[in-house]
Colleague: 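There's a structure below that I have some questions on.
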2 protein chains.
Amino acid sequence: MKKIIPTETRKQEIFATSAKLFKEKGYSAVTMRDLAQTLGIKAASLYNHIHSKQEILSHIILSIAEEFTEGMTQILNSKESSIQKLKKIIILHVEITSNNSNGMASLNNDWMHLEEKQDYYLELRLNYEDNFRSIIKQGIASNELKAVDPDVTLFSILSTLRSLYLWIPKKEEINKDVLAGNLGEVLLDGINK
Amino acid sequence: MKKIIPTETRKQEIFATSAKLFKEKGYSAVTMRDLAQTLGIKAASLYNHIHSKQEILSHIILSIAEEFTEGMTQILNSKESSIQKLKKIIILHVEITSNNSNGMASLNNDWMHLEEKQDYYLELRLNYEDNFRSIIKQGIASNELKAVDPDVTLFSILSTLRSLYLWIPKKEEINKDVLAGNLGEVLLDGINK
DNA sequence: TAACTAAACTAACAAGTGTTAGTTTGATAT
DNA sequence: ATATCAAACTAACACTTGTTAGTTTAGTTA
């Protein structure tokens, strides 16, 4: 009957460990017993800190999704060229993914297992993509970008940025600014000489 | 009164339906009862056609992986410029993904649930990536391509091609050749004017 | 018609699932 | 020393999982 207020750091530890396991096996394949064992406790003990498995997934995904939304808003509000805005988007992805590559895996691969929060997530994602596309269209209109189908451009850039979570952990030695620079070069200027 | 369905077709039907469900929810979240219900039969009846859930996944993923391996071999053996080889790789991905976008989802997202066949799959994938990278390096050496880090280039192009399964089903009206052409433009020449 | 057979069925299983209830532990503050 | 309480524990639950065994159904062939 007692109300228990758990340690905040332990809760963060649960989120971090969950994200790691979700990345390796996917949300559905990770059991509460797997998670508990990795943390060195019993499954039931997890419920002193969180309410449900679902809450863990929601927190991991939505906190990142909101971070992207926030970043996009700031980029939209900046008075810069479209090319500069695209470069800022690349930096945004490199930054967020560097700080939370495990969480990015869940966002990419396990969002469909969100229940009540799925609609909210999809709304954020759709908004993000719409804003991204509008920057590309603006770039074409202002003659900064080639007049390729904006959807193809959006798809191509976003696919690469969304896959960063697979790649960044393997290239820890590389500097974030260097990576963002290289990506900008490849994505914007191409590789053909 | 009852519809008679030839055996081999039924097995193919199971693979196709599985791939569709695996794409929507992931391998682990799809139960044999889900699969059976979608096919309009009982779960136990599935075992008249397949040996295990695992066999379904293995077949879906490995048949595609071998198709890629075969395609890459032919491209390597062709005596063409590196740029032309890269364009052929793009066509290969568009082609295979168009024919089996659901299976591509499993290949991308559920390969870690392969059991005995996982090592074989990873070997095929590693080989494919090595061959891809060697074409890029060859292009740089022959002065066809800019001297960007080949890993960044590989990562960027492959990320886009691997994500095609998410995009192609939504753009059914578009012609495969047109899509491959647009992708080649964006991926090779960039979008910056 | 009778035998054969592919492919469906019902029933059951052992193991594993997320979660709850109630209890114990051990460090901290009085 | 005692009381407090976050955070661990044990035990159990109702349900779901992949899979097996044995049976029925209904077309095809002899």
Colleague: Only counting residues at least two apart or in another chain, list the ones meeting ring-ring contact (aromatic ring centres under 6.0 Å, His included) with A:Phe22.
Modeller: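 So A:Phe22 forms a ring-ring contact (aromatic ring centres under 6.0 Å, His included) with A:Tyr27.
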Colleague: Could a donor-acceptor pair under 3.5 angstrom be found where the side chain of B:Asn48 meets the base of C:dA6?
Modeller: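 No, the side chain and the base share no sub-3.5 Å donor-acceptor pair.
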Colleague: Considering only NZ, NE, NH1 and NH2 on the basic side and carboxylate oxygens on the acidic side, decide whether B:Lys25 and B:Asp34 come within less than 4.0 Å.
Modeller: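 A salt bridge links B:Lys25 with B:Asp34.
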Colleague: Please report the distance, rounded to the nearest Å, between CD in B:Gln37 and C1' in C:dC9.
Modeller: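 Checked: the CD to C1' distance equals 16 Å.
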Colleague: Starting from P on D:dG18, measure out to CD1 on B:Ile41 and report it in whole angstrom.
Modeller: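 After rounding, the gap between these two atoms is 14 Å.
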Colleague: Mind checking salt bridge (charged side-chain N to carboxylate O under 4.0 Å, His left out) for B:Lys88 and listing every partner two or more places apart, or none if nothing turns up?
Modeller: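 Residues passing salt bridge (charged side-chain N to carboxylate O under 4.0 Å, His left out) with B:Lys88: B:Glu80.
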Colleague: List the atom pairs, with distances to 0.1 Å, where a side-chain N or O of residues 118-127 of chain A and a protein N or O form a donor-acceptor pair under 3.5 Å, not counting sequence neighbours.
Modeller:
residue	atom	partner	partner atom	Å
A:Tyr120	OH	A:Glu66	OE2	2.7
A:Asn127	ND2	A:Glu123	O	3.4

Colleague: Whole angstrom is fine here: how far is it from CE in A:Met32 over to P in D:dA8?
Modeller: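 Answer to the nearest Å: 13 Å.
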Colleague: Between A:Glu144 and A:Lys87 (salt bridge meaning N to carboxylate O under 4.0 Å), is one present in this structure?
Modeller: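 No, this pair does not count.
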Colleague: For the pair made of NZ in B:Lys53 and P in D:dT19, what is the distance, rounded to whole Å?
Modeller: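 The answer, rounded to whole Å, is 8 Å.
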Colleague: Rounding to an integer number of Å, can you tell me how far A:Gln54 CD sits from C:dG18 C1'?
Modeller: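 It works out to 12 Å between those atoms.
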Colleague: Without placing hydrogens or testing angles, list every side-chain donor-acceptor pair under 3.5 Å for residues 175-185 of chain A, not counting sequence neighbours.
Modeller:
residue	atom	partner	partner atom	Å
A:Asn175	OD1	A:Asp177	N	2.6
A:Asn175	OD1	A:Val178	N	3.2
A:Lys176	NZ	A:Glu95	OE2	3.0

Colleague: Return a single string for nucleotides 10-15 of chain D, one symbol per nucleotide in 5' to 3' order, where B is base contact, S is sugar-phosphate-only contact and - is none, cutoff 4.0 angstrom on heavy atoms.
Modeller: BBB---
Colleague: Reading DNA chain C from 5' onward, which residue's closest nucleotide shows up sooner: A:His51 or A:Thr31?
Modeller: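 Its nearest nucleotide lies further toward 5', so the answer is A:Thr31.
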Colleague: Can you tell me how far C1' of D:dA8 sits from CZ of A:Arg10, to the nearest Å?
Modeller: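 Distance check: A:Arg10 CZ to D:dA8 C1' gives 9 Å.
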Colleague: For A:Glu67, what residues pass the salt bridge (charged side-chain N to carboxylate O under 4.0 Å, His left out) criterion, not counting sequence neighbours?
Modeller: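 With neighbours one apart ignored, the set is empty.
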Colleague: Between C1' on C:dA8 and CD on B:Glu13, what's the gap in Å once rounded to a whole number?
Modeller: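 Atom-to-atom, B:Glu13 to C:dA8, this comes out as 14 Å.
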Colleague: Calculate the interatomic distance between A:Leu46 atom CG and D:dC9 atom P; express it in whole Å.
Modeller: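 A:Leu46 atom CG is separated from D:dC9 atom P by 10 Å.
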Colleague: Looking only at side-chain N and O atoms, does B:His49 come under 4.0 Å of OP1 or OP2 in C:dA8?
Modeller: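 Yes, because at least one side-chain N or O of B:His49 sits under 4.0 Å from OP1 or OP2 of C:dA8.
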